[in-house]
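Below is one structure; the comments refer to it alone.
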Protein chains: 2
Amino acid sequence: MIRVLLAEDQAMVRGALSALLNLESDIEVLGSACDGEAAWRELQKLKPDVLVTDIEMPGLTGLELAQRIQRHELPIKVIIVTTFARPGFLRRALDAGVSGYLLKDAPAENLAEALRTVHRGGRAIDPQLALEAWSEADPLNDRERQVLRLAGEGQSAGDIATALNLSHGTVRNYLSEAIGKLGVANRIEAYRLARQKGWL
Amino acid sequence: MIRVLLAEDQAMVRGALSALLNLESDIEVLGSACDGEAAWRELQKLKPDVLVTDIEMPGLTGLELAQRIQRHELPIKVIIVTTFARPGFLRRALDAGVSGYLLKDAPAENLAEALRTVHRGGRAIDPQLALEAWSEADPLNDRERQVLRLAGEGQSAGDIATALNLSHGTVRNYLSEAIGKLGVANRIEAYRLARQKGWL
DNA sequence: GCGCGCGAGTGACGCTTGTCACACGCGATG
DNA sequence: CATCGCGTGTGACAAGCGTCACTCGCGCGC
């Protein structure tokens with residue numbers, strides 16, 4: 001019997017996934033949580049074999065949750081199930097020691113299958129995403145990331161400078177750098193591209 | 001027996017919802033589709049009582065699908081199930097004659113309940129969203145919307161002008177209008193705000 | 001100690017944006 | 001018919017943006 005905890009912020013999807021897994025005779029859904037912190041508490045109480053978690057959740061994200069499990073060396077496998085086919089996310093997930101990474105685009109049967117594979121000690125990584133993940137590294141450095149994030153929220157160079165205690169000119173230099181590295185024409189495209197790749 | 005067709009682009013969520021609904025003894029999932037066009041074809045073949053559809057799907061969106069059903073006066077109720085609590089979306093959905101509008105944030109039991117209500121001829125609208133929907137009207141006109149959409153993709157005034165067969169100055173006038181109406185400082189914020197409200 | 005790279009800042013250049021006042025044509029309304 | 005509103009276009013201006021060449025200081029390796 002594979003004992004599973006489910007973390008997913010959208011209640012309807014959570015309920016539906018739970019129904020889906022409970023159809024399997026060798027899988028038991030112990031419980032579910034609507035955010036990372038709740039999942040962390042349940043985790044310690046219920047001690048499941050596998051945690052199935054989304055990435056985007058209020059408060060603690062699925063990636064941070066996986067990191068925390070790794071740091072505490074808990075004997076719990078992690079499977080990430082997410083909407084986002086962002087190579088950067090998969091990379092960070094692997095660094096956090098997760099055993100599975102599936103897309104919500106994948107057929108529903110894959111989930112139970114992945115659970116079994118992981119429970120047996122294997123790994124279940126979306127194959128085409130795995131390729132992309134190693135093909136392209138994040139070219140941005142920390143400053144460029146910070147600046148780009150704020151620029152994407154509509155802040156001007158001046159605003160960003162104040163927020164980061166930099167000079168207005170330096171901010172524009174970083175933005176220019178980022179735009180150049182990403183091969184796009186302006187900050188908006190740069191933000192969109194970086195975000196889509198999961199570099200944020 | 002309530003006969004249901006499911007339209008949802010994310011295969012895993014689709015499978016999970018299907019499993020969820022099939023647990024109910026009075027509900028039968030006839031089939032499912034992964035985009036709007038596929039749903040439209042299935043609809044005519046299977047003639048379900050109720051269509052449960054997401055909004056964001058490749059090609060034809062759930063809203064457009066609902067409009068099409070309304071125009072053809074098909075005897076099929078529509079329930080929208082979406083991630084987005086955007087007042088503008090609900091508004092457009094109601095204009096398209098849908099009977100239900102649920103958020104994926106809502107508890108999973110609500111879906112079956114909503115299906116029954118709608119099948120009985122009632123309506124199932126997320127209550128708190130219903131309030132917001134009438135509080136704020138979309139201040140943008142068609143041109144402003146088009147221009148803002150393209151601006152949000154990083155296109156310059158010149159690019160947008162070419163795309164819409166307008167002059168470069170006119171595009172800037174529209175953008176300025178939109179920025180003013182939304183009370184923000186630049187195109188990026190304008191895009192974000194409009195998008196969040198569902199005015200897009 | 002010297003040079004090197006790197007983070008940060010400066011100043012200048014030309015282009016893009018955001019704003020505004022104004023003009024034109026056209027359909028609706030009086 | 002005159003007039004209004006509306007969509008569109010123009011021209012001008014200031015501010016912001018993207019780029020580049022250059023500077024300064026600091027830590028690191030040789």
Side-chain angles (χ1 to χ4, degrees), chain A residues 88 91-92 95 136-200, chain B residues 64 67 88 91-92 95 136-200:
Chain A
R91 206 140 172 176
R92 272 187 269 163
D95 287 345
E136 238 178 324
D138 179 355
L140 304 175
N141 62 34
D142 285 354
R143 279 310 201 188
E144 286 155 6
R145 249 191 303 278
Q146 287 176 53
V147 164
L148 209 47
R149 228 188 310 256
L150 295 177
E153 289 170 15
Q155 304 206 29
S156 71
D159 298 339
I160 300 174
T162 333
L164 299 182
N165 284 317
L166 289 177
S167 111
H168 135 107
T170 306
V171 169
R172 290 200 291 147
N173 282 336
Y174 284 139
L175 277 171
S176 185
E177 271 286 308
I179 290 168
K181 284 182 180 176
L182 299 179
V184 294
N186 57 48
R187 54 178 72 195
I188 309 183
E189 287 184 293
Y191 175 76
R192 290 170 65 91
L193 180 57
R195 199 165 159 67
Q196 179 211 316
K197 293 284 188 181
W199 299 329
L200 218 131
Chain B
E64 290 160 344
Q67 278 166 13
R91 205 138 171 178
R92 272 188 271 163
D95 287 344
E136 237 177 325
D138 179 355
L140 304 175
N141 63 32
D142 284 353
R143 278 312 200 186
E144 286 155 5
R145 250 191 302 280
Q146 286 177 55
V147 165
L148 209 47
R149 230 190 308 257
L150 296 177
E153 289 169 14
Q155 303 207 31
S156 72
D159 297 340
I160 300 174
T162 333
L164 300 183
N165 284 318
L166 290 175
S167 111
H168 135 106
T170 305
V171 169
R172 292 200 287 145
N173 284 336
Y174 285 138
L175 276 171
S176 185
E177 270 286 309
I179 290 168
K181 283 182 180 176
L182 299 179
V184 293
N186 56 49
R187 54 178 71 191
I188 309 183
E189 287 184 293
Y191 176 76
R192 289 170 66 92
L193 180 57
R195 199 165 159 67
Q196 179 211 319
K197 293 282 188 183
W199 300 331
L200 218 135

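Each chain gets a letter, A, B and so on, in the order its sequence line appears, and its residues count up from 1.
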*Would you mind listing every side-chain hydrogen bond (donor to acceptor under 3.5 Å, both in side chains) that reaches into residues 185-200 of chain B, with sequence neighbours excluded?*
B/Glu136-B/Lys197

*Do any side-chain nitrogens or oxygens of A/Thr170 fall under 4.0 Å of OP1 or OP2 in C/dG7?*
no

*Closer than 4.0 Å, any side-chain N/O of B/Arg172 to the OP1 or OP2 of C/dT16?*
no

*Specify the residue among B/Tyr174 and A/Val184 whose closest nucleotide of DNA chain D lies further upstream toward the 5′ end.*
B/Tyr174

_A/Glu144 versus A/Pro139, closest heavy-atom pair with distance_ = OE1-O, 4.1 Å

*Euclidean distance, atom CG of residue B/Leu148 to atom P of C/dG18 [Å, nearest integer]*: 10 Å

*Nearest-Å distance for atom pair CD/C1', residues A/Glu144 and C/dA8*: 13 Å

*d(CD, B/Gln155; C1', C/dT16) in whole Å*: 15 Å

*Could you please spell out the steps behind the side chain to side chain contact (heavy atoms under 4.5 Å, CB included) verdict for A/Asp159 and A/Val171?*
CA-CA 10 Å; A/Asp159 298 339; A/Val171 169; over 6 Å; no

*Please state how far atom CD1 in A/Ile179 lies from atom P in C/dC15, giving the value in whole angstrom units.*
17 Å

*Distance in angstrom units between B/Asn173 CG and C/dA23 C1', rounded*: 12 Å

*Does a side chain donor of either A/Gln146 or A/Arg143 reach within less than 3.5 Å of an acceptor in the other side chain?*
yes

*asked:* From CG of B/Leu175 over to P of C/dC20, roughly how many Å is that when rounded to an integer?
replied: 15 Å

*What is the distance from CD1 of B/Ile188 to P of C/dT16, rounded to the nearest Å?*
16 Å

_B/Ser176 side chain near C/dT19 phosphate (N/O to OP1/OP2, under 4.0 Å)_ = yes

*Do you know the tightest heavy-atom contact between A/Ala185 and A/Ile179?*
C-CG2, 4.0 Å

*Please report, rounded to the nearest Å, how far the P atom of C/dT17 is from the CG atom of A/Asn186.*
7 Å

*Anything under 4.0 Å to a heavy atom of chain A counts; send over the first and last such nucleotide of DNA chain D, read 5' to 3'.*
D/dC17 to D/dC20

*For A/Asp138, enumerate each residue passing the salt bridge (Lys or Arg N to Asp or Glu O under 4.0 Å) test, keeping only those at least two apart in sequence or located in another chain.*
A/Arg145

